[in-house]
Amino acid sequence: MKKEVKVLAPGTVANLVCGFDVLGLCLHEPNDIMEVKLLDKREVIIHSADGYPLPSDPTQNTAGAPLIEMINELNKNIGFEITIHKKIKPGSGLGSSAASAAGATVAANHLLGNIFSNQDLVRFAMYGEKVASGVKHADNVAPCIYGGVTLIRSIHPLDIVSIPCPDLFVTIVHPQIEVRTADARQILRKEVLLKDAIRQWGNIAGLVAGFMQNDLDLIGRSLEDVIIEPVRSILIPGFDAVKSKCKEAGALGGGISGSGPSIFMLSKDKATAEIVEKVMKDIYDNIGLPYYTYVTTINKSGVTIID
Ligand code: HSE
């Protein structure tokens with residue numbers, strides 16, 4: 001049996017604007033690279049390859065915690081040594097913690113002869129999200145493992161649905177500020193008005209139908225969030241300008257990626273996605289805030305074994 005594997009663990013966009021904690025999509029860029037070795041001793045060892053300050057205690061590491069759960073469930077004398085090349089910046093809103101958790105579970109499963117289903121892997125990977133944000137949510141780990149767009153209809157019991165979607169382009173701007181998911185959840189109101197809930201679930205259903213029917217206008221109309229975005233967007237300088245100017249430039253729509261500060265926009269083709277990138281750059285150049293941008297596409301494969 002193979003003793004060592006290398007995986008590409010992709011970034012993800014959680015929420016997809018209207019679907020807080022229930023919708024997410026997988027990206028072709030950015031990616032973490034992870035090497036995982038099977039050990040014959042019950043332990044999990046974590047290394048950060050590029051000196052990035054990741055927790056070395058496996059119980060506090062988003063890649064370590066899921067594998068501890070996996071080993072405990074198997075109740076065998078096995079362990080894993082994980083080396084993480086962290087390219088997706090923690091606190092970016094691009095599913096950094098989820099990439100570590102999902103990458104570790106897919107790699108470990110591969111070394112064990114693929115004994116677990118993708119749903120099992122999401123169940124383990126959610127322990128990583130609990131370490132990162134204090135709450136189990138699957139809208140990053142599910143798309144990271146399944147690829148494409150996923151709906152998490154329920155986490156108790158786990159019910160994940162892959163949603164077919166058109167080959168859209170995704171433009172992302174990551175302004176260089178850090179927003180911790182735990183903080184971005186803390187500031188949310190615990191109650192919503194019925195009129196807002198009605199608007200929100202109309203949008204979620206519209207977005208899913210738009211993806212499935214290849215209806216780009218419906219996708220654009222449904223990328224609206226009346227509950228979370230008004231609260232969280234105040235943490236992101238330039239958010240309103242990015243949103244309105246990117247739509248004027250031809251983007252279908254978009255909003256906060258996960259809990260931010262990254263902002264994503266969907267476009268029907270590469271040319272539009274690149275115009276949208278230019279709009280984002282101009283806004284942050286004017287504000288004077290450093291940023292990274294990505295023009296990428298929806299990754300329909302999820303975590304990939306590369307060696
Ligand atoms: N659904 C989560 C949130 C995603 O918005 O808090 C965090 O990446």
Side-chain angles (χ1 to χ4, degrees), residues 9-27 30-32 62-63 65-66 86-103 122-123 125-146 149-156 158-161 163 170 172-175 177-190 192 196-197 200-201 203-204 207-208 223-236 239 243 254-264 294 299 302-303:
T12 43
V13 173
N15 301 336
L16 295 183
V17 184
C18 52
F20 180 70
D21 276 3
V22 303
L23 286 172
L25 68 73
C26 188
L27 298 166
N31 290 278
D32 285 350
T62 61
K86 185 48 81 189
K87 307 285 179 213
I88 311 169
K89 213 169 164 201
S92 61
L94 296 173
S96 176
S97 53
S100 295
V122 170
R123 180 166 54 79
M126 281 197 299
Y127 284 93
E129 292 296 46
K130 181 131 196 262
V131 166
S133 68
V135 189
K136 281 188 183 175
H137 60 90
D139 52 340
N140 291 106
V141 289
C144 196
I145 289 170
Y146 283 70
V149 173
T150 54
L151 164 70
I152 296 89
R153 196 201 60 83
S154 150
I155 57 166
H156 300 298
L158 204 49
D159 188 357
I160 297 162
V161 185
I163 308 292
V170 191
I172 292 164
V173 62
H174 173 199
I177 51 171
E178 190 180 338
V179 174
R180 291 182 60 243
T181 299
D183 297 337
R185 294 182 80 89
Q186 194 66 39
I187 59 170
L188 299 176
R189 289 189 290 263
K190 301 289 172 277
V192 296
D196 291 340
Q200 198 86 353
W201 58 56
N203 280 326
I204 295 171
L207 187 57
V208 170
L223 286 167
E224 177 195 57
D225 174 3
V226 294
I227 296 174
I228 310 293
E229 182 183 288
V231 182
R232 283 184 171 174
S233 60
I234 52 173
L235 301 174
I236 308 172
F239 177 82
K243 195 161 172 174
I256 304 171
S257 177
S259 55
S262 291
I263 306 170
F264 80 102
Y294 303 92
N299 172 349
V303 178

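In listed order, ligands and their atoms are each counted from 1. Hydrogens, waters and symmetry mates play no part in the numbers below; they use all other heavy atoms, side chains included.
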Test item: [X] and [Y] side chains (from C-beta on) under 4.5 Å apart, heavy atoms:
| X | Y | value |
| --- | --- | --- |
| Leu158 | Met126 | yes |
| Ile263 | Lys243 | no |
| Glu229 | Phe239 | yes |
| Asp139 | Phe20 | no |

To which protein heavy atom is [atom] closest, and what is the distance rounded to 0.1 Å?
| atom | value |
| --- | --- |
| atom 1 (N) of ligand 1 | Asp21 OD1, 2.5 Å |
| atom 3 (C) of ligand 1 | Arg185 NH1, 3.3 Å |
| atom 8 (O) of ligand 1 | Asn140 OD1, 2.9 Å |

TODO: Give a yes or no on whether the backbone of Asp21 and the side-chain of Asn15 come within a donor-acceptor separation of less than 3.5 Å.
DONE: yes

- [ ] Give a yes or no on whether the backbone of Ser96 and the side-chain of Lys86 come within a donor-acceptor separation of less than 3.5 Å.
- [x] yes

Can you name the atoms of ligand 1, numbered from 1 with element, that are less than 4.0 Å from a heavy atom of [X]?
| X | result |
| --- | --- |
| Arg232 | 3 (C), 5 (O), 6 (O) |
| Thr181 | 6 (O), 7 (C) |
| Phe20 | 3 (C), 5 (O), 6 (O) |
| Ala14 | 4 (C) |

Open item on the list: For Asp139, which part has a heavy atom under 4.0 Å from ligand 1: side chain, backbone, both, or neither?
Closed with: side chain

- [ ] Tell me which part of Asn15 gets within contact of ligand 1: side chain, backbone, both or neither, using heavy atoms under 4.0 Å.
- [x] side chain

TODO: Test Ser257 against Ser262 for side chain to side chain donor-acceptor pair (under 3.5 Å), laying out the working first.
DONE: CA-CA 5 Å; Ser257 177; Ser262 291; 5.5 Å; no

